Amino acid sequence: MALIDEVKTYIRVSIDDSDINMEVQTLIDASIADLTKTADVSSNNFEGESIDSLLKLAVFVYVRAYWTDNEDERAKLLNRYDEIKTKLVLSS
């Protein structure tokens, strides 16, 4: 399953709309850019079908944080995202 499909499942989006897909893909790309710049993760880790579970979780949480309109939920999710990034930094 492609990463975008997994992310859409995680954020509970079942519509296959090109505009929604583009927005989700933009958030995925932003999360990968953030992880490669701040968590010392290689962009090569996101290629192929076997992406590390912790990296996937980081992407899922990032996208969900920016997908929601609820500011409290966003703050909690971004805190969780930062915790995951810390684990990634410590494990590399």
Side-chain angles (χ1 to χ4, degrees):
M1 179 182 286
L3 184 57
I4 189 170
D5 296 325
E6 292 182 65
V7 169
K8 285 174 60 178
T9 299
Y10 187 80
I11 61 173
R12 297 179 179 95
V13 171
S14 59
I15 298 170
D16 192 26
D17 176 79
S18 62
D19 291 335
I20 290 174
N21 289 349
M22 186 174 66
E23 187 173 350
V24 171
Q25 187 62 55
T26 299
L27 291 170
I28 291 169
D29 294 344
S31 68
I32 291 171
D34 183 65
L35 290 168
T36 58
K37 291 178 182 175
T38 64
D40 197 30
V41 173
S42 171
S43 60
N44 295 336
N45 291 329
F46 295 96
E47 295 174 1
E49 292 295 319
S50 59
I51 300 171
D52 180 80
S53 297
L54 192 56
L55 291 176
K56 276 187 186 181
L57 182 60
V59 172
F60 293 168
V61 171
Y62 182 97
V63 173
R64 183 178 271 177
Y66 287 102
W67 192 259
T68 186
D69 291 332
N70 183 313
E71 291 298 323
D72 291 334
E73 182 179 3
R74 176 173 291 137
K76 289 177 186 176
L77 288 165
L78 290 176
N79 185 44
R80 185 174 174 204
Y81 176 73
D82 286 338
E83 290 172 0
I84 296 168
K85 280 196 331 184
T86 300
K87 290 178 183 179
L88 288 167
V89 168
L90 294 175
S91 68
S92 61

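Quick caveat, the model's predicted, so the values are computed rather than measured. Count residues from 1 along the sequence.
Annotation: the span from K56 atom NZ to S50 atom OG amounts to 8.5 Å, rounded to 0.5 Å. A distance of 10.5 Å separates OG1 in T9 from CD1 in I4, rounded to the nearest 0.5 Å. Here the CG-CZ distance, from L27 to F60, works out to 13.5 Å after rounding to the nearest 0.5 Å. With rounding to the nearest 0.5 angstrom, the CD atom of Q25 is 4.5 Å from the CG atom of D29. For the atom pair CZ (R80) and NZ (K76), the distance works out to 12.0 Å, reported to the nearest 0.5 Å.
Judged by distance alone, the side chain of T68 and the main-chain N or O of R64 form no donor-acceptor pair under 3.5 Å.
Counting only heavy atoms from C-beta outward, the side chains of L88 and L54 approach each other to under 4.5 Å.
L78 approaches A65 most closely through the heavy-atom pair CD2-CB, 3.7 Å. The heavy-atom pair separating I15 from N21 by the smallest distance is O-OD1, 4.3 Å. Between V59 and I32 the shortest heavy-atom distance is CG2-CG1, 4.4 Å.
Considering only residues two or more places apart in sequence or on other chains, F46 meets the ring-ring contact (aromatic ring centres under 6.0 Å, His included) condition with none of them.
Evaluation of the side-chain hydrogen bond (donor to acceptor under 3.5 Å, both in side chains) test over residues 32-41, restricted to residues two or more places apart or in two chains, returns D34-Y81, D34-K85, T38-K85. For residues 7-27, the pairs satisfying salt bridge (charged side-chain N to carboxylate O under 4.0 Å, His left out) are K8-D16, with sequence neighbours left out.
Using a 4.5 Å cut-off between side-chain heavy atoms of Ile, Leu, Val, Met, Phe, Trp and Tyr, with links allowed through other members, V89 and L35 fall into different hydrophobic clusters. A single hydrophobic cluster is seen to contain both I28 and I20, as judged by linkage of ILVMFWY side chains at heavy-atom distances under 4.5 Å, directly or through other members. I84 and I51 fall within the same hydrophobic cluster, where Ile, Leu, Val, Met, Phe, Trp and Tyr residues are linked whenever their side-chain heavy atoms come under 4.5 Å apart, directly or through other members.
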*asked:* Between Y10 and V61, does the side chain to side chain contact (heavy atoms under 4.5 Å, CB included) criterion hold? Intermediate values first, please.
replied: CA-CA 9 Å; Y10 187 80; V61 171; 3.9 Å; yes
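Taking a 6.0 Å sphere around CG of L90, one finds it holds more than 12 heavy atoms contributed by other residues, nucleotides or ligands.
The pair E71-R74 meets the salt-bridge criterion, since a charged nitrogen lies less than 4.0 angstrom from a carboxylate oxygen.
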